[in-house]
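Proteins come first, then strands; the chains are lettered A, B, ... in the order of their sequence lines, and each starts at number 1. What you see is a predicted model, and the numbers here were worked out from it, not measured in a lab.
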Number of protein chains: 2
Amino acid sequence: MTKYEQIADIIRERIKKNEYPVHSQLPKQSLLAEEFSASRETIKKAIDLLTMEGLVYAQRGSGTVVLNRPFSQKEASPATEYYGLTALMEKEERSVDSDIILFDVTFPNQHIQEKLHITATQAVYHIIRLRRVDNQPYILEHIYMPVHLVPHLTEDILKQSIYDYLKNELDLKFAGAYRMIQADKSDSFDQTYLNCEVTDPILEVEQVVYLKNGQLLEYSRSRNRFDVRGYSVLDLQ
Amino acid sequence: MTKYEQIADIIRERIKKNEYPVHSQLPKQSLLAEEFSASRETIKKAIDLLTMEGLVYAQRGSGTVVLNRPFSQKEASPATEYYGLTALMEKEERSVDSDIILFDVTFPNQHIQEKLHITATQAVYHIIRLRRVDNQPYILEHIYMPVHLVPHLTEDILKQSIYDYLKNELDLKFAGAYRMIQADKSDSFDQTYLNCEVTDPILEVEQVVYLKNGQLLEYSRSRNRFDVRGYSVLDLQ
DNA sequence: TAGTGGTCTAGACCACTAC
DNA sequence: TAGTGGTCTAGACCACTAC
């Protein structure tokens with residue numbers, strides 16, 4: 001762990017313990033630099049981390065104040081979300097399992113070609129998977145992945161966590177994801193598998209996942225039961 | 001504008017013009033430092049900006065590659081969103097107007113007290129406002145703001161952009177917003193004002209807006225017609 | 001093992017705020 | 001005008017990658 005991360009951890013703890021109360025000023029950067037035997041640039045990097053978490057706000061000319069923000073929000077943040085539902089639910093000690101409704105290899109239609117930046121002759125997996133949390137239907141996923149990026153995908157893997165396999169077995173490195181969140185009416189497919197009413201809406205998360213080398217790994221639409229899931233976003237500046 | 005922002009602008013232009021094509025390596029930091037007569041730390045800050053935009057990916061040991069990401073996504077990003085719908089729609093040359101359905105001053109119930117971190121004796125505005133874009137119903141907003149932060153709010157201001165007033169007249173400085181996005185069934189209130197069907201869902205954005213001094217300015221629930229609006233998020237790392 | 005980006009420093013100058 | 005944070009530098013050392 002870097003020095004500025006360690007310093008940020010210490011300051012975060014002090015805020016938690018009310019040693020730096022809400023609305024109070026943090027000691028000025030040069031004092032913190034002295035205390036931690038660090039340069040001011042390093043202190044700045046630590047404070048930048050806390051700023052990005054929404055814990056403090058630094059203003060040129062008038063110091064750095066502690067903001068009024070509950071800590072719990074961090075866990076609801078989407079930042080870690082594409083490590084998969086399994087990882088997310090593990091923290092809360094809830095069980096996740098999956099039904100494979102479709103597992104097919106096909107050629108992409110134009111929409112999928114555009115989303116994944118591939119040609120009509122590059123085969124893709126087409127997966128429909130129902131995810132249950134604590135044995136309750138939760139999300140119906142429609143996933144497309146280029147076959148050449150994920151050879152040897154099997155039903156067994158799909159029943160567990162795809163992301164564990166991609167990360168640990170194939171050693172793929174994720175750069176990030178672009179998501180579009182919208183509400184939709186449920187269709188009969190949703191109603192069947194998510195066990196929801198005709199009048200129930202759906203929270204759909206459309207997602208494109210990027211690898212560190214710039215390749216597009218996944219295009220998916222995750223259809224969430226409206227009553228079990230929200231999506232939180234923290235915007236700064 | 002800072003030097004590192006200027007350098008980021010130049011590199012961004014080069015990527016746009018394909019001088020640094022997708023999947024190619026950027027020149028190494030020390031070369032860029034030489035070219036721009038800057039230190040490597042300053043180049044690093046410029047590249048960090050581009051990384052946060054999702055344009056490049058820097059990896060210790062193997063250089064910085066140009067990612068495959070359309071530029072248009074930046075405009076869809078939520079980062080600028082809480083400057084208000086008026087500003088967002090102005091870019092697209094679409095008209096925005098508002099009906100004031102309720103404009104009241106009241107004492108906050110427990111839920112609002114918790115969201116705004118105020119006591120039961122601190123008065124709040126309670127506003128319900130219907131926003132139309134190009135004369136079509138778009139969003140039904142339920143807004144709560146502490147009166148002491150926004151004195152002299154009037155119906156006239158509500159009919160225009162609240163944010164213009166807060167920024168330009170009251171000189172309030174925004175630090176950020178925390179949002180929760182979810183799907184919901186429409187209720188009869190939504191159906192009346194948003195002119196939607198009984199079976200239409202709603203995309204609800206629940207929001208808390210923070211000022212730079214740490215005060216909480218606004219708690220609101222914006223109920224969007226499901227067929228006109230989505231919400232985009234870019235996650236990195 | 002060579003080459004890359006990540007971090008860190010000490011000191012400097014500047015922009016902005018609050019009085 | 002005093003005091004704060006923001007930026008910038010030149011140089012150093014290190015971690016990681018790819019061969």
Indicate yes or no: does A/D9 engage A/R12 in a salt bridge with an N to O separation below 4.0 Å. yes
Here the gap from A/F107 atom CZ to A/Q122 atom CD, rounded to the nearest 0.5 Å, amounts to 10.0 Å
Run B/E35 and B/R14 through salt bridge (Lys or Arg N to Asp or Glu O under 4.0 Å) and show every step you take. CA-CA 14 Å; B/E35 181 192 342; B/R14 290 182 183 171; 2.6 Å; yes
To the nearest angstrom, the CD-C1' distance between A/Q59 and D/dT7 comes to 17 Å
Comparing A/R40 with A/G61, nearest DNA chain D nucleotide closer to 5' gives the residue A/G61
When rounded to the nearest 0.5 Å, the distance separating OH of A/Y4 from CG of A/D48 is 9.5 Å
To the nearest angstrom, the CD-P distance between A/E5 and C/dT7 comes to 7 Å
A/L50 CG to D/dG5 P, in whole Å, measures 14 Å
Distance col, row A/R221:CZ vs A/Q182:CD, nearest 0.5 angstrom, shows 9.5 Å
Per atom distances to the B/S62 side chain, the nearest of D/dA10, D/dT17, C/dT4 is D/dT17
### Message
What I'd like to find out is whether the side chain of B/I7 reaches to under 4.5 Å of the side chain of B/L32, using heavy atoms alone.
### Response
no
### Message
Is A/K3 close enough to C/dT9 that one of its side-chain N or O atoms is under 4.0 Å from OP1 or OP2 there?
### Response
yes
Here the distance between atom P of C/dC8 and atom NZ of B/K44, to the nearest Å, is 11 Å
Stems of at least 3 consecutive Watson-Crick or G-U wobble pairs (donor-acceptor distances under 3.5 Å) involving DNA chain C, listed by first number, are C:1-18 with D:1-18
Under 4.0 Å: is that the gap between some side-chain N or O of B/T42 and OP1 or OP2 of D/dT9? yes
Atom NZ of B/K28 and atom P of C/dG6 are separated, to the nearest Å, by 14 Å
### Message
Whether A/Y4 contacts C/dC8 is assessed here as follows: a side-chain N or O lying under 4.0 Å from the phosphate OP1 or OP2. Is that the case?
### Response
no
Closest to the side chain of B/R60, out of D/dG6, D/dT9, D/dA15, is D/dA15
Among the nucleotides C/dA10, C/dG5, C/dC8, whichever has the atom closest to the side chain of A/T2 is C/dC8
note: B/Q29, atom CD; D/dA10, atom C1'; distance rounded to Å ~ 15 Å
From NZ of A/K45 across to P of D/dG6 the rounded distance in Å is 14 Å
Q.
Please determine whether a side-chain nitrogen or oxygen atom of B/S30 lies at a distance below 4.0 Å from atom OP1 or OP2 of C/dG5.
A. no
To the nearest angstrom, the CG-P distance between A/L32 and C/dT9 comes to 13 Å
Parallel, tilted or perpendicular: rings of A/H111 and A/Y219 (30°, 60°): perpendicular
